[in-house]
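Just so it is clear, the values below take in all heavy atoms, side chains as well, and ignore hydrogens, waters and symmetry mates.
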Amino acid sequence: MDHTNLEAIKKIATAKKTDFKTINVKRFNPVIGGEVSGIDMSQPISKDQVAELRQALNEYHVLVFRDQKIDTEQQKEFARNFGTLRKMALEDIDGDDPEIVLIQASDASQFVAGEVWHTDGTASEQPAWAQMLHIHQIPEIGCGGDTVFANMHLAYEMLSPGMKEMLEGMTAIHDAALPWAGYEAPPNLPKIEHPIVVKHPETGAKMLYINPGFTTRILQLTEFESRAILEMLFRQIEHEVLLSCRVQWEAGTVVFWDNRCTQHRAIWDYYPYSRFGERVTLVGEKPYEKI
């Protein structure tokens, strides 16, 4: 690892964390993720707890809650403390609730969604600002199905000064048809242009806003140059273990993540066993502030 990367990691790892009064947060590792205690999602929470959880999300980006005994309505009610839930069109839902995405795999699955590094919904004009996933069932063998999250603030900080200068002001295409390669895609999938480097709307910190799940082309470069630069950025995210944390799921675990400054991927290492969960999405805004 070169000196630039070490300095970037140190900068993120040693940033001052808030001393919370209504919740407790234990770090997963130096750069991303925290496990929260002091919250029962089956009960109403106070305005102070809402404010501290938002601040914790800004600092840790991924919050993990264990042993939550909640149903679907309680999950949705908890999430509404932080914004408006996205409602899907009735023809797009895979259950009977337009505010819930079912996350499921079994011995009948040919693939699982989210195996590729991605940030959810970036081909939309207003991508989700956060997601909340509640896992109800884990594989019968008691392990498998972890989710890995990566810190896109750190991904930006690890770039050389020259690469940062080149990327700032550039834009890229995000195409919702990309995950459907090799399959028959639904009609009218969105495609949109977003800045490659943006500022987080709450903290002002810069971050990379590209991902291999949806990003297809840097518009200011030739196709050859675009492929080369995107491949370099994607490989950094995929192979740099110090960018990420790995969440091990248990039944009753809820993970709440800032979709703006993270990427994630699902590890499908439990076939032919089953896994089931429910996810809600908080409506976001247009990304965010172009540099």
Side-chain angles (χ1 to χ4, degrees), residues 8 32 61-62 86 101 111-131 147-160 162-183 185-201 205-241 243-244 257-267 281 283-291:
I32 184 172
H61 314 316
V62 178
R86 185 189 69 178
V101 175
F111 64 92
V112 296
E115 285 190 274
V116 175
W117 280 105
H118 65 288
T119 300
D120 287 315
T122 60
S124 302
E125 184 176 6
Q126 295 180 302
W129 87 260
Q131 307 264 35
T147 303
V148 187
F149 294 88
N151 183 338
M152 292 299 99
H153 293 303
L154 180 53
Y156 172 80
E157 293 293 343
M158 292 173 76
L159 298 175
S160 67
M163 182 59 66
K164 291 177 182 176
E165 183 178 1
M166 186 188 81
L167 292 176
E168 291 188 4
M170 287 187 172
T171 58
I173 293 295
H174 296 242
D175 188 348
L178 184 59
W180 291 88
Y183 300 90
N188 303 317
L189 290 174
K191 180 190 294 187
I192 197 165
E193 177 183 355
H194 291 312
I196 292 175
V197 179
V198 300
K199 287 182 179 179
H200 192 283
K206 293 181 181 180
M207 56 191 172
L208 276 181
Y209 200 72
I210 49 93
N211 68 91
F214 294 103
T215 309
T216 59
R217 174 75 189 272
I218 299 174
L219 290 180
Q220 291 75 20
L221 302 178
T222 68
E223 186 172 346
F224 175 79
E225 292 168 338
S226 173
R227 284 200 307 269
I229 295 299
L230 286 177
E231 178 63 20
M232 180 273 293
L233 296 173
F234 296 160
R235 284 178 63 84
Q236 175 184 348
I237 295 161
E238 180 179 354
H239 294 295
E240 185 49 77
V241 66
L243 281 168
S244 63
W257 69 92
D258 189 332
N259 192 59
R260 300 167 293 193
C261 61
T262 61
Q263 290 186 32
H264 62 280
R265 64 182 293 254
I267 309 298
T281 297
V283 175
E285 62 235 351
K286 193 171 182 178
Y288 301 110
E289 181 180 338
K290 184 175 179 180
I291 304 302

Problem - For P212, side-chain contact (heavy atoms from CB on, under 4.5 Å) partners two or more places apart - result: V116, W117, F234, Q263
Handout entry: Partners passing ring pair (Phe, Tyr, Trp, His ring centres under 6.0 Å) against H118 (at least two apart in sequence or in another chain)
Key = H264
Practice task
Kindly write out the residues that satisfy side-chain contact (heavy atoms from CB on, under 4.5 Å) with Q131, not counting sequence neighbours, or none if the list is empty.
Solution key: D120, A128, W257, N259, R279, T281
Handout entry: Pairing residues for Q220 by the side-chain hydrogen bond (donor to acceptor under 3.5 Å, both in side chains) criterion, not counting sequence neighbours
Key = T171
Exercise for the section: Keeping the roles fixed (side chain from T119, backbone from T262), state whether a donor-acceptor pair exists under 3.5 Å. Expected result: yes
Exercise for the section: Enter the distance from I210:CD1 to L230:CG here, rounded to the nearest 0.5 Å. Expected result: 6.0 Å
Practice task
Kindly determine whether I32 and L243 satisfy side chain to side chain contact (heavy atoms under 4.5 Å, CB included), including the steps that lead there.
Solution key: CA-CA 8 Å; I32 184 172; L243 281 168; over 6 Å; no
Problem - Pairs meeting criterion salt bridge (charged side-chain N to carboxylate O under 4.0 Å, His left out) with involvement of residues 227-237, two or more places apart - result: E223-R227
Exercise for the section: Tell me, please, which residues at least two apart from N211 pass side-chain hydrogen bond (donor to acceptor under 3.5 Å, both in side chains). Expected result: T122
Handout entry: Any residue meeting side-chain hydrogen bond (donor to acceptor under 3.5 Å, both in side chains) with Q236, in chain and number order, not counting sequence neighbours
Key = none
Handout entry: Counterpart residues, side-chain contact (heavy atoms from CB on, under 4.5 Å), relative to M166 (two or more places apart)
Key = M163, M170, I229
Exercise for the section: To the nearest 0.5 angstrom, please state how far the CD1 atom of I218 sits from the OG atom of S226. Expected result: 4.5 Å
Exercise for the section: May I ask you to say whether K164 pairs ionically with E157, meaning some side-chain N is under 4.0 Å from a carboxylate O? Expected result: yes
Practice task
Report the residues that fulfil side-chain hydrogen bond (donor to acceptor under 3.5 Å, both in side chains) with T216, sequence neighbours left out, ordered by chain and then residue number.
Solution key: none
Handout entry: Rounded distance (nearest 0.5 Å) linking atom SG of C261 with atom NE2 of H200
Key = 4.5 Å
Exercise for the section: Any chance you could measure E125, atom CD, to H174, atom NE2, to the nearest 0.5 Å? Expected result: 13.5 Å
Exercise for the section: Please work out whether the ring planes of H194 and Y209 are parallel, tilted or perpendicular, with thresholds of 30° and 60°. Expected result: perpendicular
Exercise for the section: Kindly give the heavy-atom pair with the smallest separation between P179 and F214, and that separation in Å. Expected result: CG-CE2, 3.6 Å
Problem - Any E285 side-chain heavy atom under 4.5 Å of R260 side chain - result: yes
Exercise for the section: Check side-chain contact (heavy atoms from CB on, under 4.5 Å) between A176 and all other residues, then give those that pass, not counting sequence neighbours. Expected result: A123, L189, P190
Practice task
Could you check if a side-chain atom of L233 sits within less than 4.5 angstrom of a side-chain atom of L167, using non-hydrogen atoms only?
Solution key: yes
Problem - Heavy-atom check, side chain of I196 versus side chain of L208, under 4.5 Å - result: yes
Exercise for the section: Quick one: do R86 and V101 satisfy side chain to side chain contact (heavy atoms under 4.5 Å, CB included)? Show the steps, please. Expected result: CA-CA 10 Å; R86 185 189 69 178; V101 175; 3.8 Å; yes
Problem - F111: ring pair (Phe, Tyr, Trp, His ring centres under 6.0 Å) partners, not counting sequence neighbours - result: Y183
Handout entry: Distance (rounded to the nearest 0.5 Å) between E168 CD and L159 CG
Key = 10.0 Å
